[in-house]
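The figures that follow rest on heavy atoms only: side chains count, while hydrogens, waters and symmetry mates do not. Predicted model only: the values in this text are computed from it and were never measured.
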Amino acid sequence: MEGRAFVALLVISSLLVLAENTDHKNAIEIYSLHVDSTVTSRFAHTVITSRLVNKVNESQEAVFEVELPKTAFITNFSMSIDGETYPGTIKEKASAQEQYDIAVSHGQSAGLVKTTGRKLEQFHVSVNVASDSKVTFELIYEELLKRQLGKYELLFKVRPKQLVKHFQIDVHIFEPQGINFLETDSTFMTNELTEALTKVQNETKAHILFKPTILQQKKSPELEETLLDGDFIICYDVQRSVSAGDIQIVNGYFVHYFAPSEMPTFPKNVIFVVDQSGSMSGRKIQQTRDALLKILEDLRPEDHFSLITFNSLVTEWKNTLLQATGQNVESAKRYVKTVMARGGTDINNALLTAANTLDKANYAEILQAHSISMIILLTDGQPTVGVQDVEIIQQNIQKAIKGKYVLYCLGFGFDVSYKFLEKMALDNGGIARRIYEDSDSDLQLQGFYQEVATPILKDIEIQYPENSILELTQNSFKLFFDGSEIVVAGRIDNEPDVLPVEIQAQSHTSNLIFKEKANVREKEKVFQHQKYIFGNFIERLWAYLTIQQLLEKSISAQEEQQKNLQVARALELSMKYSFVTPLTSMVVTKPDDQQKLQLANKPTESDNEKSRFTGFSRKLSKSHKTKALSYRRHHDESMLRSDGYFDVSLARGYIQRVPKTGQRAILLDMTEQSPDIFRTVQTTPQLLTNEYPHFLFQLPRQNDVICLNIDGQPQAYINLISDPDKGISVTGKLGRNRNHFVLFEITNLDPHVQLHVSKEGIVLSYGGHTTKLPWTKSASSTIQGLKIAVEKERSLTMSASDNITIKIAFVKSPNRFLGLYFMDTDHFSDKASGLLGQFYFDTHLESNPGASQGEDERVLSVHGQKHRVTRKYKKDYRLESATGTISCWSLRITP
């Protein structure tokens with residue numbers, strides 16, 4: 001079983017009061033905030049209850065905000081206002097979305113509630129509170145804690161923002177196997193607060209209570225400010241013996257935990273495949289170097305390893321794997337220190353090279369017979385060189401690996417397609433992980449390596465009697481890493497007296513067989529009359545685990561029918577057990593005089609990309625100017641315009657409410673941390689442009705994309721680029737309406753080839769002969785190393801080694817036009833000229849001192865000439881685009 005990060009994480013930002021009259025400090029008083037968490041055999045059931053009162057003589061708006069772990073499923077939410085309860089209802093996501101859209105169309109301004117971040121998801125709901133009224137919020141969620149590096153961890157982020165009269169965190173843990181150790185820690189603990197913490201523990205149970213008084217919460221006796229701002233952490237592990245693990249049974253369902261230890265570690269054969277393209281420049285490549293230097297030091301002497309770096313080209317440190325001797329590790333570290341970022345991204349060729357290197361090492365019998373081979377890919381962008389169709393890349397890598405090696409895919413930042421990496425990893429026995437761009441990115445990389453650094457078992461098969469078990473979760477695992485845990489659950493049929501289990505696995509030194517027989521009646525007695533037990537917890541654990549595994553399997557499913565069946569079953573279980581999963585939503589109702597509906601959705605890692613890279617448009621009146629009372633600057637500030645207005649249309653997933661003119665709006669922040677500041681800004685809804693730009697190009701050795709439109713004359717040829725050193729030139733002609741280009745002329749000097757590219761087809765001229773190539777057929781030709789390829793009704797590509805690749809996309813919708821772009825642009829010389837050529841050297845973006853807000857305006861310096869550019873969203877005509885839209889710096893010039 002792959003070692004995976006597990007953290008039970010909760011952020012209690014309990015109530016953030018958003019009111020226009022700032023004189024009413026703490027007008028909404030939180031007089032009670034309880035967090036009650038029951039952990040029964042690793043399955044955690046957490047209830048957050050917050051009670052408040054409006055102390056002033058006017059209505060106030062309050063926000064209930066809780067951050068919970070990504071691995072958790074919300075099961076219930078309710079609000080009670082003056083004794084009347086407004087419950088949340090879980091529905092199929094499509095049905096809930098339809099209900100939400102109807103509410104929006106009727107002017108009820110319903111809002112979406114869905115968030116994601118590195119470890120957190122944010123539940124966020126607001127309500128108007130009348131004078132002297134009391135409100136109770138209650139949120140419930142459940143999750144299965146995952147063991148990592150030998151421990152379970154519950155992390156409660158505490159941030160109530162005010163002193164709370166009745167505050168407590170109350171945690172009960174019951175582990176029938178026995179508790180091996182238990183520790184608590186906090187980032188805000190003082191001597192006074194330590195007195196508010198009690199911990200009682202026996203062999204199988206623990207009770208942790210943190211209950212500070214008002215006086216203990218204060219920073220000082222004179223200040224009405226709270227010390228409660230940080231992490232409250234509980235770590236523990238359970239007793240284990242060398243056996244087939246532990247089986248627990250409640251009401252006809254069982255769960256089986258297996259986590260052997262003190263076994264020899266398999267030698268590893270690991271190839272690090274590292275992206276060094278231009279987009280990795282700056283802090284990313286430095287952090288990657290720092291992480292690799294540390295990881296190389298952690299290799300064991302019996303391990304074998306190699307390094308492959310790639311941009312437009314693939315570079316091998318060595319053409320084989322070497323043993324991790326001190327000398328070889330030092331040589332690799334010297335190589336890592338020289339890695340620089342530049343060029344394009346050839347993911348396909350890099351991974352094929354890694355697989356081939358492992359194949360050759362195995363054939364040459366360089367590697368140990370009983371060892372584990374893995375490839376660890378780190379990339380921060382889309383494939384831009386070589387094979388760029390992500391489905392073809394996935395197929396190529398799966399064919400090359402053939403189940404022999406494990407592939408782990410690490411996506412650095414948000415310019416990657418997480419779906420692409422996740423499917424490719426799952427297809428090849430691994431997992432994907434996003435590395436967040438932050439000051440600790442190098443530690444994230446090291447942390448991932450530590451999870452997979454110590455494989456102690458492989459080819460694990462766990463067998464139960466077929467006539468006694470139904471609906472079994474995954475029971476076959478490729479690898480098991482020291483410090484992690486395998487969990488299998490199922491439903492018991494035919495009421496057997498004994499449940500036997502047999503585990504077959506391979507260690508580094510031998511083949512192993514573990515056997516165990518669980519007495520069903522004796523096991524069921526363990527959980528009888530225990531106050532720590534909540535309902536049929538093993539049945540809910542089984543449903544939780546089954547849903548997660550079905551969703552994971554649907555990603556790598558080869559057949560559409562198989563995928564549909566897996567998704568349908570996951571949806572059925574989500575509805576039956578009232579889990580908010582990626583397939584369901586919780587509809588939150590409110591009083592009649594307020595917003596009728598809100599939705600709480602379960603985001604996925606890919607949704608985080610969508611919120612940053614895909615816009616949405618909603619038909620809104622131009623007169624809609626709303627106030628955003630809760631706004632936190634997003635990692636990509638493209639939604640905030642220089643005039644101080646907020647582009648509502650671009651904030652997909654951000655809008656909690658878009659009210660009628662003159663009303664207040666709450667904009668829901670979906671970033672990885674909870675809002676740190678709340679301020680009022682004016683907002684003007686503005687539709688997302690559906691226009692394609694004339695040209696899209698990335699600045700050399702930079703991660704910035706320019707969307708260029710020109711004010712040219714129709715039917716007039718424009719000199720786009722000419723580079724005498726590279727022997728290429730391109731001219732183009734605008735269509736009659738000047739919206740798009742309809743013709744390009746490409747000239748290559750050596751060999752002397754000319755291409756006339758129009759919407760009707762391509763005419764190739766060489767050596768006094770012409771050849772017509774229609775768009776309706778795929779064709780390719782190579783002339784003295786110059787390759788010309790037509791992909792049916794999609795594109796034309798002209799490429800040669802050590803030269804620029806020219807691509808023309810044939811776009812058929814909404815109107816046929818041609819889209820020109822270049823790849824391997826590092827090959828342009830400093831003699832390049834023309835409308836586009838001028839941008840390929842001595843060009844960079846600068847901050848705009850005159851911009852009124854953030855980073856939505858820049859200055860583009862081109863050979864010293866300054867151009868004002870603004871952040872826009874445009875449609876992306878490039879065939880390699882994963883989203884169809886792109887955030888870019890928009891510029892309009894006259895030739």
Exercise for the section: Please assess Asn719 against Thr731 for the test side chain to side chain donor-acceptor pair (under 3.5 Å), listing each intermediate value before the final yes or no. Expected result: CA-CA 5 Å; Asn719 177 26; Thr731 59; over 6 Å; no
Practice task
Sequence neighbours left out, what passes salt bridge (Lys or Arg N to Asp or Glu O under 4.0 Å) with Asp842? Give chain and number order.
Solution key: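 Asp842 satisfies salt bridge (Lys or Arg N to Asp or Glu O under 4.0 Å) with no other residue.
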[atom1] of [X] to [atom2] of [Y]: how many Å apart, nearest 0.5 Å?
X      : Y      : atom1 : atom2 : value
Leu445 : Phe272 : CG    : CZ    : 10.5 Å
Ile721 : Leu820 : CD1   : CG    : 8.5 Å
Thr357 : Ile366 : OG1   : CD1   : 10.0 Å
Ser890 : Arg858 : OG    : CZ    : 14.5 Å
Thr894 : Asp711 : OG1   : CG    : 4.0 Å
Ser373 : Asn269 : OG    : CG    : 4.0 Å

Considering only heavy atoms from C-beta outward, does the side chain of [X] approach that of [Y] to under 4.5 Å?
X      : Y      : value
Val790 : Trp775 : yes
Leu410 : Leu377 : no
Leu358 : Ile271 : yes
Asp346 : Asn311 : no
Ile728 : Leu749 : no
Met798 : Leu786 : yes
Phe744 : Leu796 : no
Ile710 : Leu835 : yes

Handout entry: Those residues that, when tested against Lys866, pass side-chain contact (heavy atoms from CB on, under 4.5 Å) (two or more places apart)
Key = Glu846, Val859, Ser861
Problem - Partner set under side-chain contact (heavy atoms from CB on, under 4.5 Å) for Thr776, not counting sequence neighbours - result: Pro774, Glu793
Tell me, please, which residues at least two apart from [X] pass ring pair (Phe, Tyr, Trp, His ring centres under 6.0 Å).
X      : value
His863 : Phe841
Phe305 : Trp317
Phe695 : Phe741

Problem - Residue pairs involving residues 773-788 (criterion salt bridge (charged side-chain N to carboxylate O under 4.0 Å, His left out); sequence neighbours excluded) - result: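 Listed once each, the pairs would be none.
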Exercise for the section: Not counting sequence neighbours, list each pair that qualifies as a salt bridge (charged side-chain N to carboxylate O under 4.0 Å, His left out) and has a residue in residues 308-317. Expected result: none
Examine distances only and state if a side-chain atom of [X] and a backbone atom of [Y] form a donor-acceptor pair shorter than 3.5 Å.
X      : Y      : answer
Gln276 : Met340 : yes
Ser722 : Ser833 : no
Ser312 : Gly344 : yes
Gln865 : Val862 : no
Asn564 : Glu560 : yes
Gln566 : Ser554 : yes
Asn748 : Pro751 : yes
Tyr877 : Pro693 : no
Asp723 : Ser829 : yes
Lys733 : Ile718 : no

Problem - Sub-6.0 Å ring centroid separation between Phe839 and Phe697 - result: yes
Classify the side-chain pair [X]/[Y] by whether it contains a donor and acceptor separated by less than 3.5 Å.
X      : Y      : value
Tyr405 : Asn362 : yes
Thr771 : Tyr766 : no
Tyr692 : Asn709 : no
Glu857 : Thr870 : no
Gln286 : Arg289 : yes

Practice task
Apply side chain to side chain contact (heavy atoms under 4.5 Å, CB included) to the pair Thr843 and Leu860, showing each step before the final yes or no.
Solution key: CA-CA 7 Å; Thr843 300; Leu860 182 66; 3.8 Å; yes
Could you tell me which non-hydrogen atom of [X] sits nearest to which non-hydrogen atom of [Y], and how far apart they are?
X      : Y      : result
Val273 : Ala350 : CG1-CB, 3.8 Å
Ile347 : Phe310 : CG1-CE1, 3.9 Å
Gly343 : Ser277 : O-CB, 3.4 Å
Ile397 : Leu351 : CD1-CB, 3.5 Å
Pro383 : Gln388 : O-CG, 3.6 Å
Arg434 : Gly413 : NH1-O, 2.8 Å

Residues which pass side-chain hydrogen bond (donor to acceptor under 3.5 Å, both in side chains) with [X], listed by chain and number, not counting sequence neighbours:
X      : answer
Asn803 : none
Gln394 : none
Glu760 : Ser758
His756 : Glu745

Exercise for the section: In sequence, state the C-alpha distance, the side-chain angles, and the governing distance for Lys553 and Ile555, and then conclude on side chain to side chain contact (heavy atoms under 4.5 Å, CB included). Expected result: CA-CA 5 Å; Lys553 288 178 181 177; Ile555 295 171; over 6 Å; no
Handout entry: Lys404 bridged to Asp359 by N-O distance under 4.0 Å
Key =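 Yes, Lys404 and Asp359 are salt-bridged.
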Practice task
May I ask you to decide if the ring planes of Phe828 and Tyr840 are parallel, tilted or perpendicular, using 30° and 60° as cut-offs?
Solution key: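 Geometry flag for Tyr840 against Phe828: tilted rings.
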Handout entry: Matching residue for Asp427 among Gln398, Glu422, Gln395 - test: side chain to side chain contact (heavy atoms under 4.5 Å, CB included)
Key = Gln398
